[in-house]
Visitor: 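One structure follows; several queries about it will come next.
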Amino acid sequence: MDNSVNRLLHHLLDELQNISQSGDTPPNKVNSDQYLLDSILSCYGLENLAYITTDPFSLESRDPIYKVTYSSEWQEFYLRTDAENHDPAVIYGLREIVPFEWRNVELYDPAQLAFLNVASDFGLGENGFSIPIRDRFGARALVSMTISLNDQKWEKYSRRYRSELVNIAYLLHERFSPKCNSSIEEKYIGEDLTAREIESLQWTALGKTSEETAIILGLSKRSVNFHVNNAKLKLDTVTRSHAVARASALGLILPVL
Amino acid sequence: MIVTINGNERSRYPELIDQMHVLRKEVFHERLKWDVEIKGDWEIDKFDDYDPLYLLSLDDAGYVRGALRLLPTTGPNMLRDVFHCLLPAGEIIESPVIWESSRFCVSLRDRDGNRSLSNLNTATAEIIAAMGEVGVLAGLSNIVTVYDHFLRRIISRAGCDETLVGGPVDIGGVKTYAGMFKVDEYDLEQFKLRWGLEGDLINHQEPRVIGAAA
């Protein structure tokens with residue numbers, strides 16, 4: 001059982017990797033996000049999966065980002081009533097460090113209790129479990145899971161799969177958080193630059209012309225131009241100075257002080 | 001007795017938090033002579049701003065006699081942000097199932113100011129066991145820590161197996177190491193048996209009252 005789950009998980013992760021590298025257009029990405037969430041649900045026998053993040057650095061949108069598998073009725077209700085303001089998992093969870101079970105959280109705020117009553121009317125699963133996430137950019141996120149198991153079975157389940165679910169929660173964050181996602185893409189830019197291309201760019205950064213660079217590197221001027229142009233393309237830039245600036249920002253060449 | 005305090009709730013436990021920072025100053029600044037930031041009676045640094053989880057060991061009278069701080073390695077942490085020189089070049093430890101412990105300290109004296117070995121031993125064992133319990137709760141595989149020779153000896157004397165992952169590197173005149181501990185439920189039970197620790201150390205606390213504080 002353990003092995004088959006692991007295999008499924010790895011398969012899922014491979015697929016996820018392929019999706020994130022294929023540069024999908026937004027509608028496909030939405031579908032693949034949903035596909036990913038649904039696959040995790042069936043892989044782990046979960047009822048629902050919900051991801052929420054607030055990015056402290058995004059000024060333009062103060063709204064949190066959601067990815068959920070809840071029913072559309074519930075989602076509609078949630079958005080219409082700004083329910084994150086009363087959702088104890090969110091209020092509590094985004095401040096937490098240690099993963100927690102919903103049944104261990106005791107509530108006194110009437111608005112939050114009312115929220116939970118509505119939630120159970122929508123049939124959100126018996127046992128809920130939330131995993132708080134912190135990333136290297138200072139962003140926080142919360143992945144919540146609900147499952148229809150009685151307390152005793154849930155105890156066993158959680159013991160066995162907790163680590164895996166924590167790993168999965170973090171992978172979801174890497175995929176869904178705008179900051180992590182863009183930094184993953186940035187990592188790929190310029191990684192395929194050759195040593196010659198980097199060298200040529202470095203001398204260009206130091207103010208050398210193609211002719212001077214050619215003499216320094218013992219190449220022809222044509223070769224130097226060829227390398228610099230390749231670097232320009234690979235860095236997705238339009239001019240030499242643009243390429244130098246990006247290469248420097250990416251740490252591919254030494255910055256000129 | 002162990003009390004866990006979530007960093008974002010520090011203001012709800014002003015006495016305990018104060019005692020912890022005072023103890024940290026006593027241990028790291030005065031006794032171990034580490035190069036740490038001092039503010040008045042306190043030792044406090046920027047990682048205390050990142051809402052860590054504190055584990056405090058209290059004596060029978062309810063005073064802090066030992067403390068430890070936990071941070072996920074996926075967020076800001078000391079090994080990545082300050083002590084990266086301890087790890088081989090280019091290597092980082094960043095995993096949702098590895099957390100970092102720091103500022104582990106235990107008082108050498110009891111409340112009356114007498115040197116107390118049993119106080120030291122109980123507090124050390126209690127904190128290490130509580131750290132293991134948090135590890136199990138959080139689904140961790142390992143806990144990494146940055147420490148010096150002195151702390152290393154205390155921890156290994158308590159019966160904890162570590163794997164050295166970095167160091168020794170001389171930092172501010174102190175030989176500094178990075179060590180990795182495995183989180184394992186069976187080992188944890190054995191450890192608690194050996195030290196006569198019974199029941200859950202971190203789950204006895206009253207249920208969290210939320211909403212009332214918000």
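In the text below, chain A, chain B and the rest are named by the order of the sequence lines, each starting its count at 1.
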Visitor: Taking ring-ring contact (aromatic ring centres under 6.0 Å, His included) as the cut-off, I'd like each qualifying pair that reaches into residues 45-66 of chain B, sequence neighbours left out, listed once.
Guide: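 Of all non-adjacent pairs touching residues 45-66 of chain B, those that pass ring-ring contact (aromatic ring centres under 6.0 Å, His included) are B:Phe47-B:Tyr50.
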
Visitor: Report, as yes or no, whether the 6.0 Å neighbourhood of atom CG on B:Asp170 holds more than 12 heavy atoms from other residues, nucleotides or ligands.
Guide: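 Yes, the 6.0 Å shell around CG holds more than 12 heavy atoms from other groups.
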
Visitor: Which heavy atom of B:Asn8 sits nearest a heavy atom of A:Glu96, and at what distance?
Guide: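 Scanning both residues, the minimum pair turns out to be ND2-N, 4.4 Å.
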
Visitor: Got a sec: does the CZ of A:Arg159 have more than 12 other heavy atoms crowding it under 6.0 Å?
Guide: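 For A:Arg159, atom CZ is not crowded (no more than 12 foreign heavy atoms under 6.0 Å).
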
Visitor: Where the side chain of A:Arg162 meets the backbone of B:Leu137, is there a donor-acceptor pair that is under 3.5 Å apart?
Guide: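 Checking the backbone N and O of B:Leu137 against the side chain of A:Arg162, a donor-acceptor pair under 3.5 Å is found.
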
Visitor: Please classify the contact between B:Val183 and chain A as side chain, backbone, both or neither, with a heavy-atom cut-off of under 4.5 Å.
Guide: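 Looking at B:Val183, nothing touches chain A.
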
Visitor: Do A:Arg136 and B:Ile92 make a side-chain contact, defined as non-hydrogen atoms from C-beta onward lying under 4.5 Å apart?
Guide: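 A:Arg136 vs B:Ile92: side chains apart.
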
Visitor: Measure across A:Ile97 and B:Leu53 and return the closest heavy-atom pair with its distance rounded to 0.1 Å.
Guide: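 Between these two residues, the closest heavy atoms are CD1-N, 3.3 Å.
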
Visitor: Checking the side chain of B:Thr74 only, and the main-chain atoms of A:Asp135 only, is there a donor and an acceptor separated by less than 3.5 Å?
Guide: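 Side chain of B:Thr74 to backbone of A:Asp135, a donor-acceptor pair under 3.5 Å: no, none is there.
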
